[in-house]
Amino acid sequence: MMTSIPLDYYLILSAFLFVTGIIGVITRRNAIIIFMSIELMLNAVNLSMVAFSAFFGDIAGQMFVFFIMAVAAAEAAVGLAIVLALFRRKKSVYVDEVNIMKW
Amino acid sequence: MNFDILGSLPLIVIWLALGVVGIIIQAFVRSDSTRLVYGYYIGTLVTTGLLAAATISNQGTAFGGMVTLGGWAAVFDLLFCGAGVMAMLAAQAYLGRFNSELDEFYTMLVSSVAGMMLMAHARNLVVLFVGIELMSISFYIMAGFFRSRDKSLESAMKYFLLGAFATGFLVYGMALLYGATGTLDYSVMLKVIAAGTARFPVLLALGAVLLTIGLSFKIAAFPFHQWAPDVYEGAPTVVTAFMSTAGKAAAFSAFLAVFGVIMPMVKVASMTPTLQLVLAVISAATMLIGNITAVAQTNVKRMLAYSSVAHAGYMLMGIVAGTTFGQSAVVYYAFAYTFMQLGAFIIVGLLEREDETSLMISDYSGLYRKHGVFAAMMAVFMFSLAGIPPFAGFFGKYMLFYAAIESGFTWLTIVAVASSVISVWFYLGLIVKMYFSEPNPETHEANAGLAGISLAVCTVAVILLGIMPRIITGMLGN
């Protein structure tokens, strides 16, 4: 069996991607970029799922990844539709300009 | 492997009705009115609800252990389908007044019910995830259903971004739990955790925390409650009525099952502060924040939104207790809360005008002169929300408080009683406004129509559940 990359490396990369996503969501004000950061978080999850799955030799984790991808696609369809509807009315996709109700 | 076809009928029926027959009807039957789809989906929900009621005693698992059948899950199905029917009855006239009555609304409503049922039935993290997302994505669409109105769009936008963000935490928590235990199945995971043989204890703890954060967002618990007032205020009122009740009950059904699995960790990992204590603090903070902020509100919809945050705090007490009695208290309170909050929001929707006015508390002054029945029903819901006997809200709180004391969380009960006292201020404030103020000359005509059926059911249920609480607790025969 060939030498493989240890599990820790995958988990550290995944945690790094996840935190990058969180920072993106918190600091950016453009709805599309916030959404991209969320997708990054989901992909970080996919990476750890696959890494664990390979580590255990258990197929369930890889199967979960397909569900996450499908759900992320559905979320993207709905999310971009909402952003588009908002852009039509406001001519802006910046979340701080969408603030009639106080946070 | 035995497959319980009878027990899985509620799930199968709603899936076929939504994913196969419903789509065919909408694709091939040409019709200018929404009546066909409307009637079809009401029929679907009623059938599913009846099947769920018939299969309560039929406990078991199906689909290779992916879902549980009967028991609490079926009781919750009954709640989701009932709330769905009541929301649909109120929705037709409401959407019609806003010129937004479309087939898609009813499809989304039923698909969110299907998601909730999956959440309650889930015995595997994959099923839970799919259920939560199906419900949430349907809610994003429904919140933004008035797509030419700024408030509705803003609410959809905030709900979507924060909801998707929370999904990230939820699913990362699931990945870490999978990594720690090597399984996605609740029962196997429970065995691994209880036996203390989890491979990476740090990942187990982190996964449990992230999963709790994700679920706390769905029930709008402190500190993840910030979205709730904005989303509930901006969304169409019938949508708010439905998602603040059935959606919250669904999240609690998932909470109950998940915490049954990860709670034993507390004893094994000897974590300080333990998960239970953290949850107790979240519960106390949620009810205090919800009730204190609700006092300051002038918009009825926003006031009820904060009150729904507070009620999530009360329901968390049952989960903190972690006993069987605590569980039945949560289920009972989910029913009581659904009826009173749904009823209150339906009345708000009926009195609301097409230009989104008539939502202020001052607009309700002297309501009893013009709309005596609405005012009386609203008073019943407010008394029940405040927890005044003999209504359902009182008995629900009594059960939750008792469960918390029983498991040694006396301080939590004291906080809960204190925050209930605060809540009496604004609930009774609305009643005083309706009955002891000069009538508002601008109060307009409002016709109950089909929504009257929902209101009647809610009122009767709130009173009946308060007098005979065994209707819910006795459903499982214990």
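Letters go in sequence order (proteins before strands), and every chain restarts at 1.
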From A/I82 atom CD1 to B/I141 atom CD1, the distance as rounded to the nearest 0.5 Å: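 Going from the CD1 atom of A/I82 to the CD1 atom of B/I141 covers 7.5 Å.
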Find the distance between CZ (B/F160) and CG (A/L86) and round it off to the nearest 0.5 Å.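 Answer for the CZ-CG pair, B/F160 versus A/L86, is 12.0 Å.
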Structural part of [X] lying under 4.5 Å from a heavy atom of chain B:
X: A/L42; answer: side chain
X: A/F18; answer: side chain
X: A/I22; answer: both
X: A/A51; answer: neither
X: A/S37; answer: neither
X: A/A77; answer: neither
X: A/V25; answer: side chain

Donor-acceptor under 3.5 Å (B/Y178 side chain, A/G61 main chain):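 Yes: the side chain of B/Y178 pairs with the backbone of A/G61.
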So does B/S148 get a backbone contact from the side chain of A/R89, meaning a donor-acceptor N/O pair under 3.5 Å?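 The answer is yes, because a donor-acceptor pair under 3.5 Å joins these two groups.
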Quick check: closest heavy atoms across [X] and [Y], and the distance to 0.1 Å?
X: A/D58; Y: B/G182; answer: OD2-O, 3.7 Å
X: A/V95; Y: B/M157; answer: CG1-CE, 4.0 Å
X: A/F56; Y: B/G179; answer: CZ-O, 3.0 Å
X: B/A175; Y: A/V45; answer: CB-CG1, 4.0 Å

Taking the side chain as every heavy atom from C-beta outward, state whether [X] and [Y] have any pair of such atoms under 4.5 Å apart.
X: B/L203; Y: A/L11; answer: yes
X: A/F64; Y: B/V171; answer: yes
X: A/M41; Y: B/Y172; answer: no
X: A/I68; Y: B/F129; answer: yes
X: B/D150; Y: A/K90; answer: yes

If you tally heavy-atom pairs under 4.5 Å against chain B, which of A/R88, A/M49, A/E75 wins?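 Greatest number of close heavy-atom pairs with chain B: A/E75.
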Top residue by heavy-atom pair count (under 4.5 Å) with chain B, among A/A44, A/G21, A/S53?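 Winner by heavy-atom pair count: A/S53.
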What about the rings of A/F35 and B/F165, do their centers lie closer together than 6.0 Å?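 No - the distance between ring centres of A/F35 and B/F165 does not fall below the 6.0 Å cut-off.
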For atom CZ of B/R147, decide whether the heavy atoms of other residues, nucleotides or ligands shown that lie under 6.0 angstrom number more than 12.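 Check fails, neighbour count at 12 or below.
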If you count every heavy atom of other residues, nucleotides or ligands that lies below 6.0 Å from A/Y10 atom OH, does the total exceed 12?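 It does not: A/Y10 OH has 12 such atoms or fewer within range.
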What part of [X] lies closer than 4.5 angstrom to a heavy atom of chain A: side chain, backbone, both or neither?
X: B/L125; value: both
X: B/Y140; value: both
X: B/L184; value: side chain

